[in-house]
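Everything below concerns the one structure shown next.
Protein chains get the first letters and strands the later ones, always in sequence-line order, with residue 1 at the start of each.
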Amino acid sequence: MPEVKLVEVTKRYGKVTAVDGLTLTIEDQEMLTFLGPSGCGKTTTLRCIAGFVIPDSGQIFIGAQDVTRTPPEKRDIGFVFQNYALWPHMTVYQNIAFGLRLRKLPKQEIKNRVHEALNLVRLTGLEDRYPRQLSGGQQQRVALARALVLHPRVLLLDEPLSNLDAKLREEMRFEIRELQRQLKITAVYVTHDQSEALVLSDRIAVLNQGRIEQLGTPEEIYQRPVNKFIATFIGLCSFIECQVIEHESGHTLVQTEDGLNLYVKQTDVVPGQKVVLAIRPEAIKVSLQETQERINTFRGQIMRFAYLGENTDCWLKIGKWDLRVRFPAAQSLTPGQWVWIYLAPDKLIILPA
Amino acid sequence: MGIKWYRIVFKALGIALIAFIIFGPLSSLVLWSIAIKWYWPHVLPQEVGLAYWKQALGLQRDWAIAAVSIWDAFKASIIIACIATGITMIVSIPAAYALARLRLPLKVLFLLFFLMPKVFPQQPIFVNLLPIFTRWGLAGTVQGVILVHILVCLLFGVWISTSAFKAIPESLEEAARSVGATAWQTFWRILMPLAMPGLLVSAIFVLVTSLTEFTGTFFIGLPFVTTLPMLLYSASGYNMQFASVLAIVLLVPSLLLMVLTERIFRPEFLGAVGR
C-alpha cells in the first residue's frame, strides 16, 4: 500500500510557482529523495507533506487518509530540519520525550522509549545535556531520535546533513540509510547533494522548477538520464551535438556538424533527428598509442587537468567538442599533448536536443 | 616602562572621568537631599540633616519644612504602573506574536501606529486628548491616567516583544507541531518559555516608562491624580531638597529594574533564547 501520495500538488508564492502540479507516489518502506538545485521546489514539496505549507491546489494522502488540510500535528509524521531545531530550553531527554508526553503515555514507557531512541542514534548517556552542549552531529542525532521515538508513518528529512562538515556528512549518510532500513520506515529526503541522493535512495525524484524531471532508481537516473538537465546535475557529463544519419548493424550512426562519425548502441531514434550525445567519464578511454578499436576512435588533445588524489580530472578536446574524463592519477600528462580517445558505443547516451 | 606608566595614568583618568559623569549629578542629588542650609558661595552645605527625608517619608510633620509625605503619590505610582504594565503586556504579547509570525498586510504601518505617540510632540497630543477624556469622564481619574500610560507604553511593549518572538526560529515551532503539539500547546510550551527573557525586558521597560511618565499624567491626571513625577515637578521649582529626595526615590526602582534587566540578558540566558 502506498504510504504517501501527491496528486497534482501546486503551490505558488506570488508569481513564482514553487511546486507545479506534482504527482508522485511514495511506496511503503521506501526511501525517496527529492534532488534538485536550490529553488526547484523540493523543500516546499516536503513542507506540503508535513503540513507546514498548504498547497494551493491538489491533494496529499498519507496512507488512505486525505491530509491536504490536516494540521501537521495530526499527520503522524517525523520531521528532521536542516538547522536541527532542538528546543534550547530542554535537555536531550526532554526534547525526545516531548512528543510522548503530549500523548500522555505512562512515565515508565516514555523513559523506555526515549532510551531506546537514544540507543538507536548512539547517544546513550547524554540525556541531561542541553542542545548547546552538543556538537552539530550529535544535535542532528537527537533531532533524528526525537522524530523516530514516535514511530511516525513517514519520516521527512530536509537537508539534514548540509550543516555538518564533509567527513561527518558522509558517515551519517550511511547511518541514516541503515536506520531507515532497520526500522522499515517510509522516508522522504530532500537534498541538493547528488552523491547523498545516490547513496541514500531507493528512488530519486529530480526536481526542476517545481516539476519532476525524472523519477527512478539511482542507477536509472545515472545511466539513463532523460535529458540534458539530469545528465548535468548528476555525475560528470560532456555533450556533443549531432544528427542521426542511419541505423547500421544494431548501432545508430550519428554525425556532428564538423564531420565526426560516432556509433551508439541506443537505437530508439529516427534518421535526420537532431540529438545531443551525453558522454559520462566511464565511456571515454584515453590512450597514448593508437587503439585496436575500429570505430569511435579520435585524435584529441589534453587541454588541462587537475590532480584530485586518487584520480586526475581532465579536459579533452576532439574537434570543437570538450570532453571531461577521469583516470588514475599515475599517468604523466602535459597540457597540449595529443592522445587517442575511444568512446564506448554501449555507454553513450542519446538525449533529445 | 615609560609607556606602561603613561597608560596607567591615562586609564585612571578615564575611569575618574566616567565615574564623575555618572556619580557627579547623583552625589549632588544626595547632598541636596540632606542639606538643611546651603547658601552660595559655600561648596558644601552649612547644615545637614535628614529632616526632608523624615518629612517626605511621613516620619515627622513640621510646617517649617516644605515637604509633604510622598506615600500617597508613591502608592498611586506603583498601583498605576503595575496595572498599566499588566494590561500593556496582555495586549502586547498577542499583538507581538502576530506581528512576528503572521504574514499581515500593512505590518509596517501597524508597527508605526504604536510609534505615533512617541514621534509627535507630546504636549499637543495630550492637550487634544484631554477634551476626549473629559467627555468620557476619564479626565482626572486613575483609570484615565492608566489609559494614558498604556498608550505611551504600548510602543515598548509591542516593539520589544515582537523582536523577542522574532528571535525564535520558526523551525522550533514546526518541530513541536511535527511531534504532535497543537498551535496552542506550541505557543505555551515552546514559544513562551523561549521568549520569556525578552518579554520580561519588555515588561521592565514598560514598568519604568509608566513609573516615570510625566506629560500624559500632567494633562490628564492633575490635579486629582498625583504620581511621584507630579510631586517632583511641583517641588522642583522652589524646593531643591524635597525635589532631590523625590528624585532619589524615583531612581531606586529604575536602578533595581536596570540590574534585573542586566541579569536577564546574561550571555548564557541569551544563548538559550535560541540562536
Which pair of non-hydrogen atoms, one from A:R103 and one from B:V179, has the smallest distance, and what is that distance?
NH1-O, 2.8 Å

Any sub-3.5 Å donor-acceptor pair from A:W87's side-chain atoms to B:L172's backbone N or O?
yes

Surrounding CZ of A:F52 (heavy atoms of other residues, nucleotides or ligands, distance under 6.0 Å), is the total greater than 12?
yes

Structural part of A:L156 lying under 4.5 Å from a heavy atom of chain B:
neither

What part of A:R47 gets closer than 4.5 Å to chain B, counting heavy atoms only: side chain, backbone, both or neither?
side chain

Evaluate the side-chain contact (heavy atoms from CB on, under 4.5 Å) criterion for residues B:E174 and A:F79: first the C-alpha distance (whole Å), next the side-chain angles of each, then the deciding distance (0.1 Å), finally the verdict.
CA-CA 9 Å; B:E174 287 169 350; A:F79 203 101; 6.0 Å; no

Could you tell me which of A:G99, A:P72, A:P131 has the largest number of non-hydrogen atom pairs under 4.5 Å with chain B?
A:P72

With a 6.0 Å cut-off (strictly less than), is the heavy-atom count around CZ of B:F20, excluding the residue itself, greater than 12?
no

Kindly give the heavy-atom pair with the smallest separation between A:L102 and B:G180, and that separation in Å.
CD1-C, 3.8 Å

A:Q209 atom CD: more than 12 heavy-atom contacts under 6.0 Å:
no

Least distance between heavy atoms, A:M90 atom then B:I190 atom
CE-CD1, 3.7 Å

Could you have a look at A:F81, A:Y84, A:Y130 and say which one has the most heavy-atom pairs with chain B under 4.5 angstrom?
A:F81

In terms of heavy-atom proximity below 4.5 Å to chain A, should B:Q185 be classed as side chain, backbone, both, or neither?
side chain

With a 4.5 angstrom heavy-atom cut-off, which part of B:A176 approaches chain A: side chain, backbone, both or neither?
both

Which atom names give the shortest non-hydrogen contact between A:P88 and B:L194, and what distance separates them?
CG-CD2, 3.5 Å

Name of the residue among A:D76, A:I77, A:V80 meeting side-chain contact (heavy atoms from CB on, under 4.5 Å) with B:S178:
A:I77

Does B:F126, at its CZ atom, have more than 12 non-hydrogen atoms belonging to other residues, nucleotides or ligands within less than 6.0 Å?
yes

Check the pair B:R189, A:F98 against side-chain contact (heavy atoms from CB on, under 4.5 Å), reporting the backbone distance first and the verdict last.
CA-CA 10 Å; B:R189 301 184 59 173; A:F98 186 72; 3.8 Å; yes

Measure across A:E73 and B:A183 and return the closest heavy-atom pair with its distance rounded to 0.1 Å.
OE2-N, 4.1 Å

